[in-house]
Undergrad: 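Right, I'll just put the structure down here and ask away after.
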Amino acid sequence: MSNCGSFLCIDEVVEEDGPIEADVPLDQIRATPYPLPKEFEWALVDVEDDKEIKELYELLTLNYVEDDDAMFRFDYSAEFLKWALLPPGWKKSWHIGVRVASNKKLVAFISGIPQDVRVHSTVKRMVEINFLCIHKKLRSKRLAPVLIKEVTRRTHLEGIFQAVYTAGVVLPKPVATCRYFHRSLNPKKLVETGFSHLGRNMTMARLIKLNKLNPETSTPGLRPMEERDVKAVATMMNKYMSLFELAPHFEEADVRHWIITRPGVVWGYVVEDPETKTITDFFSFYSLPSTVINNPTHSTLNAAYSFYYAVQTPDEELSKITDAGERKAARDNAIKGRLVGLMQDALILARSHDFDVFNALHLMDNALFTEDLKFGQGDGYLHYYLYNWRCREIEGEKVGLVML
Ligand code: MYA
């Protein structure tokens, strides 16, 4: 038995994938919520209710993740939170709030959503944990472990025993780590907010020129994704995801929910071959602004984040190459130009929607386009974690799962 509970110990060497602890029979799962200190009470947050989603928005916008220098804080919009928390199969019992018993103020939150996730060759129904937040005035009182235990209990009650989550901080023990890359769309504002700096020998005029994008996209047949594209996108998505070692499995309902444009939240585009009318590629990005803390001129940084995409590959030609290494090199070579063109169009569209910066992690095939498209290496990392699943470590570029 591991002495790290259901988490992987930091120095553990893994030979075979599998659960760390066996599933718990329903009659052995604690039936009542874990106790909270007496001044607090559990309260599910009804995210479909305008008043309650506003309370959640306010908790997060004032208390959620900040960068190390406390210059920026994530500012997920209320509409975004609804999108993130109400995917197909969502469960009300996994939108867990903590309120002050006396005045009912919402002071803490944790959430889960269901998702089929493949790790190496095993597909498991998991819970994706996100939006763990404790009001700044209640920090370091060990409330977080109680929230985590409670969401674990409620996940077990649904017959799910594995979880996936991401964090900017290092905890025991990341299964994968990806670095952030940033592409300036509005360099002047990025410098004014302190997000980026004018390098030596660089002037604002030159920086603006360097980051200038064409006003129009260039991929023939590029258009917003529509309902009629769901089937084709789901097929492309799952085929593309098969290349990765940590990847979601999407049903059509998931594609409909996650990829079709919701203005202000997520944008999805497909490429329809002008001749054959088949869908050959797609890409998407989502909006996650940050509050600029204590800045005299700017209050919000509008950041777009690269989300799911898939790019056409010359499968027939590649299948003739027998050596795996050579096949991978030929594939990267074959898709690179196409992917750079698609992502350049994503940047142009993001700029047209008034984003200041376009962020991407070095996962999927992102390393094939970041340099050509003038992304700069960030200093942040995102670590991926699995709960109660022992497995071999995964390289960042073998990650297909994107978490919000
Ligand atoms: S990641 C985003 C996390 N949120 C923020 O960073 C927002 C700003 N910060 C806060 O709100 C608080 O500082 C938080 C901690 C809530 C983070 N993941 O209550 P405490 C451990 C896991 O005294 P506080 C996201 O949402 C820490 O190591 N654990 O501390 C995914 C220490 O444990 P230990 C974390 O500062 C969340 C303990 O908490 C994290 O008041 C995935 C201290 O508790 C973190 N990001 O509150 C959660 N940060 O003593 C795990 C600190 O052991 C899910 N800690 O070192 C696990 C799977 C559950 C489901 C399983 C189903 C089968």
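We count ligands from 1, going down the list as the structure has it; atoms in each ligand are counted the same way.
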Undergrad: Around Asp27, counting heavy atoms of other residues, nucleotides and ligands shown, do more than 12 lie under 6.0 Å from its CG?
TA: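 Result for CG/Asp27: enclosed.
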Undergrad: Going by the order shown, which atoms of ligand 1 are within less than 4.0 Å of some heavy atom of Tyr387?
TA: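 Within the 4.0 Å cut-off of Tyr387, ligand 1 contributes 58 (C), 61 (C), 63 (C).
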Undergrad: Within a distance under 4.0 Å of any heavy atom of Cys133, pick out the atoms of ligand 1 and give their elements.
TA: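 By the 4.0 Å cutoff, the relevant atoms are 11 (O).
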Undergrad: Any protein heavy atom at under 4.0 Å, with atom 59 (C) of ligand 1 as the reference point?
TA: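 For atom 59 (C) of ligand 1 the answer is yes, since some protein heavy atom falls inside 4.0 Å.
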Undergrad: Return the orientation label for the Phe74 and Tyr76 ring planes: parallel under 30°, perpendicular over 60°, tilted otherwise.
TA: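 Phe74 and Tyr76: perpendicular rings.
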Undergrad: More than 12 heavy atoms of other residues, nucleotides or ligands under 6.0 Å from CG of Asp68: is that the case?
TA: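 No - once you tally the heavy atoms of other residues, nucleotides and ligands closer than 6.0 Å, there are 12 at most.
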Undergrad: What is the closest protein heavy atom to atom 6 (O) of ligand 1, and at what distance does it sit?
TA: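 Scanning the protein heavy atoms, the shortest distance from atom 6 (O) of ligand 1 goes to Val65 CG2, 3.5 Å.
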Undergrad: For atom 27 (C) of ligand 1, what's the nearest protein heavy atom and its distance?
TA: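 Sorting protein heavy atoms by distance from atom 27 (C) of ligand 1 puts Leu171 CD2, 4.9 Å first.
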Undergrad: For ligand 1, which atoms, with element, lie under 4.0 Å from some heavy atom of Pro145?
TA: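 Reading through ligand 1 atom by atom, the close ones are 19 (O), 44 (O).
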Undergrad: Is a donor from one side chain sitting under 3.5 angstrom from an acceptor on the other, for His95 and Ser111?
TA: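 No, Ser111 and His95 have no side-chain donor paired with an acceptor closer than 3.5 Å.
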Undergrad: Measuring from non-hydrogen atoms of Thr166 to any atom of ligand 1, is the shortest distance under 4.0 Å?
TA: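 True for this residue.
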Undergrad: Testing Phe307, Phe355, Phe283, Tyr286 one by one against Trp267 for a ring pair (Phe, Tyr, Trp, His ring centres under 6.0 Å), which residue passes?
TA: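 Only one of Phe307, Phe355, Phe283, Tyr286 forms a ring pair (Phe, Tyr, Trp, His ring centres under 6.0 Å) with Trp267, namely Phe355.
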Undergrad: With the threshold set at 4.0 Å, does a side-chain nitrogen-carboxylate oxygen contact exist between Lys336 and Asp332?
TA: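 Result for this pair is no, no salt bridge flagged.
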Undergrad: Protein heavy atoms: any of them under 4.0 Å from atom 56 (O) of ligand 1?
TA: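 Neighbour list for atom 56 (O) of ligand 1 is empty of protein heavy atoms (cut-off 4.0 Å).
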Undergrad: Among all protein non-hydrogen atoms, which one is nearest to atom 32 (C) of ligand 1, and what is the separation to 0.1 Å?
TA: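 The closest heavy atom on the protein side is Arg142 NH1, 4.2 Å.
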Undergrad: Where's the contact between Tyr385 and ligand 1, heavy-atom distance under 4.0 Å: side chain, backbone, both or neither?
TA: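 The answer is neither.
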Undergrad: Show me which atoms of ligand 1 lie under 4.0 Å from any heavy atom of Asn130.
TA: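 The list of qualifying atoms is 26 (O).
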Undergrad: What orientation do Trp83 and Trp258 show, parallel under 30°, tilted 30 to 60°, or perpendicular over 60°?
TA: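 Plane angle over 60°, so perpendicular.
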Undergrad: Nearest protein heavy-atom contact for atom 41 (O) of ligand 1: which residue, which atom, what distance?
TA: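 Ranking protein heavy atoms by distance from atom 41 (O) of ligand 1, first comes Ser140 N, 2.8 Å.
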Undergrad: If you have a sec, work out which protein heavy atom is nearest atom 15 (C) of ligand 1 and how many Å separate them, to one decimal?
TA: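 Protein heavy atom with the smallest distance to atom 15 (C) of ligand 1: Ala144 CB, 3.7 Å.
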Undergrad: Could you tell me how the ring of Tyr64 sits relative to the ring of Phe131: parallel (under 30°), tilted (30 to 60°) or perpendicular (over 60°)?
TA: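 Ring orientation, 0 to 90° scale: tilted.
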Undergrad: With heavy atoms of Phe161 as the reference, note each atom of ligand 1 found under 4.0 Å away.
TA: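 So the answer, numbered in order with elements, is 63 (C).
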Undergrad: Using a heavy-atom cut-off of under 4.0 Å, does the side chain or the backbone of Ile134 touch ligand 1, or both, or neither?
TA: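 Ile134 to ligand 1: contacts from backbone and side chain alike.
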Undergrad: Using a cut-off of 6.0 Å, state whether more than 12 heavy atoms not belonging to Asp379 lie near its atom CG.
TA: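 Atom CG in Asp379 is not crowded, with 12 or fewer foreign heavy atoms closer than 6.0 Å.
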Undergrad: Under 3.5 Å, is there a donor-acceptor pair between the Tyr269 and Asp281 side chains?
TA: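 Result is no, nothing qualifies.
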Undergrad: How far is atom 3 (C) of ligand 1 from its nearest protein heavy atom, and which residue and atom name does that atom have?
TA: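 Of every protein heavy atom, Leu132 O, 3.4 Å lies nearest to atom 3 (C) of ligand 1.
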Undergrad: Under the side chain to side chain donor-acceptor pair (under 3.5 Å) test against Thr177, which residue among Glu395, Glu393, His383 passes?
TA: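 When Glu395, Glu393, His383 are each tested with Thr177, the side chain to side chain donor-acceptor pair (under 3.5 Å) holds only for His383.
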Undergrad: Counting only heavy atoms not in Lys54 (residues, nucleotides, ligands), do more than 12 fall under 6.0 Å from its NZ?
TA: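 No, the 6.0 Å shell around NZ holds no more than 12 heavy atoms from other groups.
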Undergrad: So, does Asn388 sit close enough to ligand 1 that a heavy atom of it is under 4.0 Å from the ligand?
TA: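 Not so, Asn388 does not reach ligand 1.
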Undergrad: If the cut-off is 4.0 Å to any non-hydrogen atom of Leu143, which atoms of ligand 1 fall inside it?
TA: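 Listed by number with element: 19 (O).
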Undergrad: Looking at atom 12 (C) of ligand 1, what's its closest protein heavy atom, distance included?
TA: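 Answer, as residue, atom name and distance: Arg139 NE, 3.4 Å.
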Undergrad: Kindly state if atom 51 (C) of ligand 1 has a protein heavy atom within a strict 4.0 Å cut-off, that is, under 4.0 Å?
TA: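 So far as the 4.0 Å threshold goes, atom 51 (C) of ligand 1 is in reach of a protein heavy atom.
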Undergrad: Do you see a donor-acceptor pair shorter than 3.5 Å between the side chains of Asn295 and Thr297?
TA: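 Thr297 and Asn295 do have a side-chain donor-acceptor pair below 3.5 Å.
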Undergrad: Side chains of Asn366 and Tyr309: donor-acceptor distance under 3.5 Å anywhere?
TA: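 Their side chains do contain a donor-acceptor pair, which is all the 3.5 Å distance test asks for.
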Undergrad: Please state which protein non-hydrogen atom is closest to atom 42 (C) of ligand 1 and give its distance, to 0.1 Å?
TA: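 Protein heavy atom at minimum distance: Tyr165 CD1, 3.3 Å.
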Undergrad: Mark up the atoms of ligand 1 that fall under 4.0 Å of a heavy atom belonging to Lys141, in ascending order.
TA: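 This gives 23 (O) as the contact atoms.
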Undergrad: Would you tell me which option among Ser111, Ala167, Gly112, Ala163 has the nearest heavy-atom contact to atom 46 (N) of ligand 1?
TA: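 The nearest heavy atom belongs to Ala167.
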Undergrad: Taking only heavy atoms of Asn63 into account, list the atoms of ligand 1 that are under 4.0 Å away from them.
TA: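 Once the distances to Asn63 are compared, the set is 8 (C).
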